[in-house]
2 protein chains.
Amino acid sequence: MRIGELAERAGVSSRSLRYYEAQGLLPARRTANGYREYGEEDLRMVREIRTLLDLGFALEETRPFVECLRDGHEAGDRCPDSLAVYRHKLAELDACIARLGEVRERIAGQLARAAEPRCAFSPEAARRTQRTPP
Amino acid sequence: MRIGELAERAGVSSRSLRYYEAQGLLPARRTANGYREYGEEDLRMVREIRTLLDLGFALEETRPFVECLRDGHEAGDRCPDSLAVYRHKLAELDACIARLGEVRERIAGQLARAAEPRCAFSPEAARRTQRTPP
DNA sequence: GCTGGCCTTGACACCGGCGTCAAGGTCTAA
DNA sequence: TTAGACCTTGACGCCGGTGTCAAGGCCAGC
């Protein structure tokens, strides 16, 4: 199959496929006229790449998975290098989530503080600190 | 004070200050020789900008805060527009955190699955499904 | 032979917040 | 007078994955 068909079946642009090839992820055989020629196994690799990219992996991080597939494994994550990337990504995610959680709390705090007490001598504050409540 | 001093006191580069000015966030008076001239209130604005940038706000999102300060308010988040940005950012963060959490679980699942059962007919699986356990 | 659809390579654009370099102006101290 | 520390504007580079355009080759059907 040629690049247009592979692109259509994988739901990506031809441009992306050429880019993956340029990165050494998706080498393509060539027909006599110079056209790229792909097989079903290439479709699987593209799908692996897309799945991982959609999850937030960098293109470079998909390399072990693709190579794992190329080595004939039934899935891209059947190889130690792929699992290492999984673990690394997990740690990254945990750090990122923790950081975002902190930021979230900071902003929520600011929001609560900013919405309420405008000034220590505001009417509300004055009323709260009145010495002779009715 | 000139740009170098403001940069030093705020802990940012002169380049950044010029960039903020180019974005219309930090207009500067000029001395006769064309040098930018800043005051203490500019230092406050730069600090406001940096605080928000460090929290993950986009430069553009700091605009209401800076304008709030310029309007003479005691803090950048004393204005409705700033609070709106806070709320918007909170929603964004919540969505982002949720998404990352999902991804995290997906990967953790993949990792668990990939590390364990290599094949339905693996020795372990065979042992687990033996009809006559000892 | 010609049209139109596919393919090729190469190159620029995008986004955001700068870093960094160039070429030149301004001021102070020795 | 000159060194050197500061300032000015302008412009290109980066990162990553892709859109998009240009200029041209290949091929099937009419």
Side-chain angles (χ1 to χ4, degrees), chain A residues 1-39 42-43 45-66 85 88-89 92 96 99 103, chain B residues 1-39 42-43 45-66 85 88-89 92 96 99 103:
Chain A
M1 114 188 72
R2 291 181 306 185
I3 197 171
E5 186 181 345
L6 178 58
E8 175 125 11
R9 290 180 61 188
V12 307
S13 66
S14 302
R15 176 72 177 87
S16 294
L17 296 181
R18 293 196 196 97
Y19 181 68
Y20 302 156
E21 181 183 14
Q23 302 308 304
L25 277 177
L26 194 66
R29 293 157 299 279
R30 299 294 183 122
T31 57
N33 58 20
Y35 287 9
R36 274 165 263 252
E37 182 65 21
Y38 300 96
D42 294 302
L43 179 56
M45 296 192 216
V46 177
R47 292 205 167 126
E48 185 83 21
I49 292 174
R50 293 310 310 188
T51 301
L52 293 170
L53 282 190
D54 290 348
L55 283 178
F57 286 73
L59 189 55
E60 194 50 41
E61 294 175 318
T62 71
R63 192 177 299 274
F65 296 81
V66 177
V85 171
H88 182 250
K89 205 67 185 177
E92 238 180 45
C96 187
R99 155 87 179 151
V103 169
Chain B
M1 109 189 75
R2 290 180 307 185
I3 197 172
E5 187 182 343
L6 178 59
E8 175 125 9
R9 289 180 62 188
V12 307
S13 66
S14 302
R15 176 71 176 89
S16 295
L17 296 181
R18 293 197 196 96
Y19 182 66
Y20 302 156
E21 180 182 14
Q23 302 309 305
L25 277 177
L26 193 66
R29 294 157 297 282
R30 299 294 183 124
T31 58
N33 58 18
Y35 287 10
R36 273 166 264 252
E37 182 65 22
Y38 300 96
D42 294 303
L43 180 56
M45 296 193 214
V46 176
R47 291 205 168 125
E48 185 83 21
I49 293 174
R50 292 309 311 186
T51 300
L52 293 169
L53 283 191
D54 290 348
L55 282 178
F57 286 73
L59 189 54
E60 194 49 42
E61 294 174 319
T62 71
R63 191 178 299 275
F65 296 82
V66 177
V85 172
H88 182 249
K89 204 66 185 177
E92 237 180 47
C96 187
R99 155 87 179 151
V103 169

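Below, chain A is the first sequence line, B the second, and so on; all start at residue 1.
- Between B:E92 and B:K89, at least one side-chain nitrogen of the basic residue sits less than 4.0 Å from a carboxylate oxygen of the acidic one, meeting the salt-bridge criterion.
- In the region residues 15-35 of chain A, proximity to DNA chain D at under 4.0 angstrom, judged on heavy atoms, holds for A:R15, A:S16, A:Y19, A:Y20, A:N33, A:Y35.
- A:L52 places its CG atom 15 Å from the C1' atom of D:dG17, with the value rounded to the nearest Å.
- Counting non-hydrogen atoms under 4.0 angstrom, B:S14 reaches nothing in the nucleic acid.
- With rounding to whole Å, A:L59 atom CG is found 11 Å from D:dT18 atom C1'.
- A:E21 and A:R18 are not joined by a salt bridge, as no carboxylate oxygen comes within less than 4.0 angstrom of a charged side-chain nitrogen.
- Scanning all heavy atoms of the two residues, the minimum distance from B:P64 to B:E60 falls at CD-O, 4.1 Å.
- With rounding to the nearest 0.5 angstrom, the OH atom of B:Y38 is 5.5 Å from the CG atom of B:L17.
- Taking 4.0 Å as the cut-off between side-chain N and carboxylate O, B:D42 and B:R9 do not count as a salt-bridged pair.
- Proximity of B:R36 to the phosphate of D:dT8: a side-chain N or O atom is located under 4.0 Å from OP1 or OP2.
- Rounded to 10 degrees, the angle separating the terminal axes of the helix from C:dG1-D:dC30 to C:dA30-D:dT1 is 40°, with each axis obtained from five end pairs.
- The distance from atom CZ of A:R63 to atom C1' of D:dG16 is 14 Å, rounded to the nearest whole Å.
- The shortest side-chain heavy-atom distance between A:L59 and A:Y19 falls under the 4.5 Å cut-off.
- Regarding A:E8, its CD atom lies at a distance of 10 Å from the P atom of C:dC7, rounded to whole Å.
- Between the CG atom of B:D54 and the C1' atom of C:dG17 there is a distance of 12 Å, rounded to whole Å.
- Atom P of nucleotide C:dT8 and atom CZ of A:R2 are separated by 9 Å, given to the nearest angstrom.
- Counting heavy atoms from C-beta on, the side chains of A:R2 and A:R36 never come closer than 4.5 Å.
- What separates OH of A:Y38 from P of C:dC6 is a distance of 16 Å, to the nearest Å.
- Between the CD1 atom of A:I3 and the P atom of D:dT18 there is a distance of 13 Å, rounded to whole Å.
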Exercise for review: Evaluate the side chain to side chain contact (heavy atoms under 4.5 Å, CB included) criterion for residues B:Y20 and B:L53: first the C-alpha distance (whole Å), next the side-chain angles of each, then the deciding distance (0.1 Å), finally the verdict.
Suggested key: CA-CA 12 Å; B:Y20 302 156; B:L53 283 191; 3.6 Å; yes
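- Note that CG of B:L26 and OG1 of B:T62 are 10.0 Å apart. Values are rounded to the nearest 0.5 Å.
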